[in-house]
2 protein chains.
Amino acid sequence: MDQVDRKLLSLLKNDAKIKYAELGQEVHLSAPAVHERIKKLEKNEIVQGYTIVTNPKKLGLPLCAFISVTLSNITLCKDAVLHIEKMKEVEECFSTAGEESLFLKIRTRDTDALEQLLVRLRSIKGVEKTLTRIVLTTHFERTALGE
Amino acid sequence: MDQVDRKLLSLLKNDAKIKYAELGQEVHLSAPAVHERIKKLEKNEIVQGYTIVTNPKKLGLPLCAFISVTLSNITLCKDAVLHIEKMKEVEECFSTAGEESLFLKIRTRDTDALEQLLVRLRSIKGVEKTLTRIVLTTHFERTALGE
DNA sequence: TTAATATTCCGAATGGTGTTCGGATATTTA
DNA sequence: TAAATATCCGAACACCATTCGGAATATTAA
């Protein structure tokens with residue numbers, strides 16, 4: 001992992017369809033050299049995969065929210081996560097420090113769908129309460145990169 | 001946007017490097033037909049782009065946290081966002097309902113770097129206080145798709 | 001219902017790009 | 001210093017995205 005690899009990652013983050021020849025120009029290497037470096041990044045699981053970025057609004061999921069879920073007992077966490085994992089509206093799920101709680105990022109069609117989701121969440125064993133933070137404006141959502 | 005398009009999006013989310021011929025097999029269409037559909041999805045900005053998924057830990061950013069930033073005055077929001085946008089540690093930035101506040105997802109190298117980030121945040125005009133939720137476990141982070 | 005238009009699809013051909021390979025150069029290890 | 005390893009390049013190859021013409025289907029208009 002040197003400066004060249006970091007540059008390659010940055011360029012690929014921005015557009016994974018960029019040609020190897022163009023990558024080569026950017027880092028002053030040939031296409032095969034770029035190829036070899038990227039394969040190594042994949043092998044080392046620094047690059048975990050390739051994906052598309054979709055527009056949630058155009059897919060009918062304009063509502064975004066963060067929900068903190070308070071659990072009565074931390075030992076119920078693993079089981080709760082299994083239930084939550086099945087809920088397609090939940091995009092991300094974390095355990096956070098501070099309270100014994102889970103923290104979710106979700107997307108739904110509308111507030112009705114959000115309410116239904118909350119009902120389902122509260123029906124999970126060990127879930128004591130939920131606190132919802134509805135997103136009004138997404139200022140930016142960039143993909144993590146240390147550069 | 002029909003069922004076939006949704007299937008294509010799902011497959012591309014999972015692996016954007018999948019061959020058009022293979023996509024065709026999955027949805028019982030030819031490669032050119034798949035090509036045409038994907039180009040249309042891109043034109044309609046349903047597919048916004050192609051990117052790589054990187055491993056934050058292997059990139060030296062193992063610490064993830066959510067920070068809620070309370071502003072003294074909602075009119076200072078736009079200005080604060082401009083400052084926050086320059087902070088490379090901040091991955092996502094939202095305005096949320098409830099309090100007059102911003103909500104951030106961040107990644108840093110360690111707690112020292114987190115503390116430095118908090119100091120910088122508090123030095124922004126209008127920032128009254130911050131509340132940090134450190135992520136202990138990432139149960140899952142999947143990419144949003146209504147399927 | 002018929003006609004006209006637009007959309008979606010396929011097979012075949014093509015052009016471009018990822019990938020492989022051998023060998024040269026540089027870097028690291030012993 | 002010598003051996004081993006890693007990195008690189010140009011050239012050739014193989015594969016896949018893309019283009020194209022035309023057929024089939026669906027949609028709209030008359």
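We name chains A, B, ... by the order of the sequence lines, and we start the count at 1 in each one. Given the structure is predicted, the values throughout are model-derived calculations rather than measurements.
In this structure, B:Lys40 reaches the sugar-phosphate backbone alone: every heavy-atom distance under 4.0 Å involves primed, P, OP1 or OP2 atoms, never a base.
For B:Tyr20 and C:dG11, the OH to P distance is 18 Å, given to the nearest whole Å. When the C1' atom of D:dC9 is taken as reference, atom CD of A:Gln25 falls 15 Å away, rounded to whole Å. As a whole-Å value, the separation of B:Lys17 NZ from C:dG18 C1' is 9 Å. In this structure, the CD atom of B:Glu36 is 8 Å from the C1' atom of C:dT7, given to the nearest Å. Between the CD1 atom of B:Ile18 and the P atom of D:dC16 there is a distance of 12 Å, given to the nearest Å. Between the P atom of C:dT8 and the CD1 atom of B:Ile38 lies a distance of 15 Å, rounded to the nearest Å. In this structure, B:Glu22 places its CD atom 10 Å from P of D:dA17, rounding to the nearest Å.
Of the residues in residues 27-35 of chain B, those placing a heavy atom less than 4.0 Å from an atom of DNA chain C are B:His28, B:Leu29, B:Ser30, B:Pro32, B:Ala33, in numerical order.
The residue among A:Asp2 and B:Lys39 whose nearest nucleotide of DNA chain D is located toward the 5' end is A:Asp2.
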* **Steps toward ring-ring contact (aromatic ring centres under 6.0 Å, His included) verdict (B:Phe66, A:Phe94)** => CA-CA 10 Å; B:Phe66 290 93; A:Phe94 310 91; 5.3 Å; yes
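Ion pairing between B:Lys125 and B:Asp79 fails under the 4.0 Å rule for side-chain N and carboxylate O. Ion pair A:Asp2/A:Lys7 not flagged as a salt bridge, since none of the NZ, NE, NH1 or NH2 atoms sits closer than 4.0 Å to an Asp/Glu carboxylate oxygen. One finds no salt bridge joining B:Lys39 and B:Glu36 here, because no Lys/Arg side-chain nitrogen approaches an Asp/Glu carboxylate oxygen to under 4.0 Å.
Remark: B:Arg37 is in phosphate contact with C:dC9, judged by side-chain N or O atoms under 4.0 Å from OP1 or OP2.
Residues B:Lys105 and B:Ile67 are not in side-chain contact: their nearest non-hydrogen atoms beyond the backbone lie 4.5 Å or more apart. Residues A:Leu104 and A:Glu91 fail the side-chain proximity criterion, which asks for heavy atoms closer than 4.5 Å.
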